[in-house]
Amino acid sequence: MYRTHSCGELRLADAGKTVKLSGWVQVARDFGAMTFLDLRDRYGITQLVFSMEENAELCERARKLGREFVIGIEGTVRERSNKNPNRATGDVEVVVNTLQILNASKVPPFTIEDETDGGDDLRMRYRYLDIRRAPVQQNLIFRSKLALEVRKYLGEQNFVEVETPFLIKSTPEGARDFVVPSRMNPGQFYALPQSPQTFKQILMVAGMDRYFQIVKCFRDEDLRADRQPEFTQIDCEMAFVDREAILNTFEGLTKHLFKHTLGLEFADFPRMSYDDAMRLYGSDKPDLRFGMPIVELNDLAKDKGFVVFDSAELVAGICVSGRAESTTRKDIDELTDWVKRPQIGAKGLVYVRYNSDGSLKSSVDKFFDESQLKAWAAKMDAQPGDLLLILAGEDDEKTRKQTGELRLEMGRRLGLMTPGVFKPLWVLDFPLLEWDDDTARFYAMHHPFTSPKPEDVAKMASNDRQVLKDLRADAYDLVINGVEIGGGSIRIFDRDLQMKNFELLGFTHEEAEAQFGFLLGAFEFGAPPHGGIAFGFDRLCAVMNGQNSIRDFIAFPKNNQGRDMMIDAPSPIADAQMKELFLESTAE
Ligand code: ASP
């Protein structure tokens, strides 16, 4: 009744056909004798024509249509004299015979076009208008397609999709929980899951063997550009597998997804240890779209009388190819300010220009002569014409991270993060534990259920903090273009080892029993060896589309204050509701 075709469908071959179309008025152009109107739906835009000469009454009505009015028309397809090669339907137009206004629209608060004049909050408040825009629609359609491909691949591999509960128990590990008061249990609360971690492990004990779920997770954290309080994971777990089997299965999934959405094929993903990633890139999620690895210069730069280097634990730098001469003094000053920003925190920046004529000029010429600088250049694999940028600091790890940030900044400035290029890799062998000075205790680097590497199990009995810091976990991350896309681990499946791990994390036996007794209990009934991984689904969508913000791939995201601007949540609740939930009213 409403349409025989979509607004993206008609082609030259349809000329002469009588068709019905329905959609939204994108724009109307009135040329006196003729009125042209662009009609839009999810599938595209078709040009409609109304002519004063042929049907004055209809043409008058068309002129009065406003943007975003919903109309239905019947008309005849004809070849356009003035073709639009940028539009799939650009060869044709529809000469309208009947026009029905299905609904009027207020003037939208921003333009419904690929590039809009609407700010973030306005777009979120009127998200239904924002979603009418083609780029947002394309993102959501991509997301849907990706989810279908996930199900297809994992389904074929015998994975079973199982739903796990959203109302669960709060635990102090990990991020902050969102909690939900229980009316039937006064003073008690559920928590929304940060991930289905314990449930998927229980499913392995239950013999499900291969589980997955595309699932919402909730974390009450301070929000950054790529964080949302609720986000989606592709959550997976397998029994009777070692790390190799897991990496292969999910490398296979990743390849499948790229192939069947973007048409891209990959060679096997490189693998890098956490230690190498930190050493070479100052990050556990290196962007491998460009090189520029970090090179340590301690042996060449320290104890030569330059106090900044002499007092440093690490002197390290990167070699910026071909930029010795094209980098101006002003560029260097800017970069120096950049590394000194509190977010980076370096004390200063040393540079060496390895000029094309082979001469070397540095900001530390007072302390190092040309032959010494040449030795640095050699160690950094520099060629004449390259620029060396060097940082030094009292803390090895911090300085590496700063140098890694500088590397990324240079990558950005020099346009080395090529859109459309994807560099996936596995990062392996993360530390099991992370020491926190403030609370003077260890935290699980991944989560408390991650297994140490078999060769490190015996060392868990040590009381030596350094030995414990050096423990390695059977944990892995999938990284693409500098973004952590997935993370997982081989799990502990032995009750005593799990208890030992809780002990290292500062739990008493009673606390461990109270919080995780159900899992420890399950381990007493024949738990198989198992492991798994979870992919950040929103992030995967964003990275595959070369975008930074996951927000654009979520239909109804929250803003930086954790608010849904459209429904205006969170919001106060009625006193009666508060009472029923045994909550104190804070209202006066
Ligand atoms: N549950 C973990 C997470 O959310 C992933 C995993 O270990 O499978 O990070």
Side-chain angles (χ1 to χ4, degrees), residues 150 154 159-166 168-178 191-205 208-221 226-239 241-243 245-251 253-254 274 284-285 426-434 443-453 472-480 483-493 498 501 505 515-516 519 527-540 550:
V150 168
L154 292 177
F159 281 77
V160 182
E161 188 165 12
V162 182
E163 287 168 89
T164 52
F166 278 175
I168 67 166
K169 185 183 168 93
S170 184
T171 60
E173 279 304 288
R176 211 175 286 116
D177 282 328
F178 281 102
L192 302 179
Q194 296 184 27
S195 87
Q197 184 61 35
T198 49
F199 287 96
K200 66 175 172 175
Q201 291 191 240
I202 297 263
L203 285 169
M204 293 305 105
V205 181
M208 288 309 290
D209 198 69
R210 290 181 165 210
Y211 143 94
F212 87 102
Q213 185 181 192
I214 299 181
V215 61
K216 273 291 177 71
C217 301
F218 306 86
R219 295 182 192 173
D220 187 5
E221 293 172 306
D226 66 339
R227 289 251 169 100
Q228 283 279 312
E230 49 180 303
F231 58 98
T232 304
Q233 288 191 339
I234 311 168
D235 192 47
C236 311
E237 197 77 4
M238 303 168 82
V241 283
D242 57 7
R243 180 181 83 182
I246 293 185
L247 298 188
N248 288 334
T249 303
F250 294 101
E251 186 165 322
L253 170 66
T254 311
Y274 169 88
D284 58 2
K285 38 179 191 290
W426 291 105
V427 178
L428 308 173
D429 300 342
F430 281 78
L432 183 70
L433 305 168
E434 225 175 353
Y443 286 84
M445 182 121 176
H446 185 219
H447 53 54
F449 316 106
T450 293
S451 173
K453 292 189 73 80
R472 284 297 174 260
D474 227 341
Y476 31 80
D477 275 359
L478 176 67
V479 175
I480 302 179
V483 180
E484 182 197 327
I485 291 296
S489 59
I490 296 295
R491 324 298 185 188
I492 297 172
F493 65 105
Q498 185 63 68
N501 206 31
L505 299 173
Q515 282 163 34
F516 297 109
L519 184 68
H530 60 285
I533 191 166
F535 286 69
F537 186 60
D538 317 282
R539 267 197 214 168
L540 181 60
I550 64 172

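Counting starts at 1 for both ligands and their atoms, following the listed order. Only a predicted model underlies this, so the values are computations on that prediction, with no experimental measurement involved.
For the atom pair Ile168 CD1 and Gln197 CD, the distance stands at 11.0 Å (nearest 0.5 Å).
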Audit row: His446, Phe430, side-chain contact (heavy atoms from CB on, under 4.5 Å) steps and yes/no: CA-CA 8 Å; His446 185 219; Phe430 281 78; over 6 Å; no

Derivation and outcome, salt bridge (charged side-chain N to carboxylate O under 4.0 Å, His left out), residues Asp429 and Lys453: CA-CA 8 Å; Asp429 300 342; Lys453 292 189 73 80; 2.8 Å; yes

Verdict with supporting geometry, Leu478 and Phe250, side-chain contact (heavy atoms from CB on, under 4.5 Å): CA-CA 9 Å; Leu478 176 67; Phe250 294 101; over 6 Å; no

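Numbered from 1 in the order shown, with element, the atoms of ligand 1 that lie under 4.0 Å from a heavy atom of Ile533 read 8 (O). Near Gly488, the atoms of ligand 1 lying under 4.0 angstrom from a non-hydrogen atom of the residue are 6 (C), 7 (O). Of all the atoms in ligand 1, the ones that sit under 4.0 Å from a non-hydrogen atom of Ser195 are 1 (N), 4 (O).
Protein heavy atom nearest atom 2 (C) of ligand 1, with residue, atom name and distance: Gln197 OE1, 3.5 Å. For atom 9 (O) of ligand 1, the nearest protein heavy atom (residue, atom name, distance) is His446 NE2, 4.1 Å.
Residue-to-ligand polar distances keep Gln194 apart from ligand 1: every N/O pair is separated by 3.5 Å or more.
When non-hydrogen atoms are compared, ligand 1 lies under 4.0 Å from neither the backbone nor the side chain of Thr450. Counting heavy atoms under 4.0 Å from ligand 1, residue Glu484 does not touch it at all. Of the heavy atoms in Arg219, only side-chain atoms (C-beta onward) come closer than 4.0 Å to ligand 1. With a heavy-atom cut-off of 4.0 Å, Glu237 does not touch ligand 1 at all. Contacts between Lys200 and ligand 1 below 4.0 angstrom, taking non-hydrogen atoms only, involve the side chain exclusively.
For the side chain to side chain donor-acceptor pair (under 3.5 Å) with His530, the lone residue among Arg491, Lys200, Gln201 that qualifies is Gln201.
In the candidate list Gly531, Gly536, Ser489, Gly487, Gly487 is nearest to atom 5 (C) of ligand 1, counting heavy atoms.
If you look at Tyr211 and Phe199, their ring centroids are not closer than 6.0 Å.
Between the Glu237 side chain and the Ile202 main chain, no donor and acceptor come within less than 3.5 Å of each other.
Thr164 and Gln213 share a donor-acceptor pair across their side chains, judged by distance under 3.5 Å alone.
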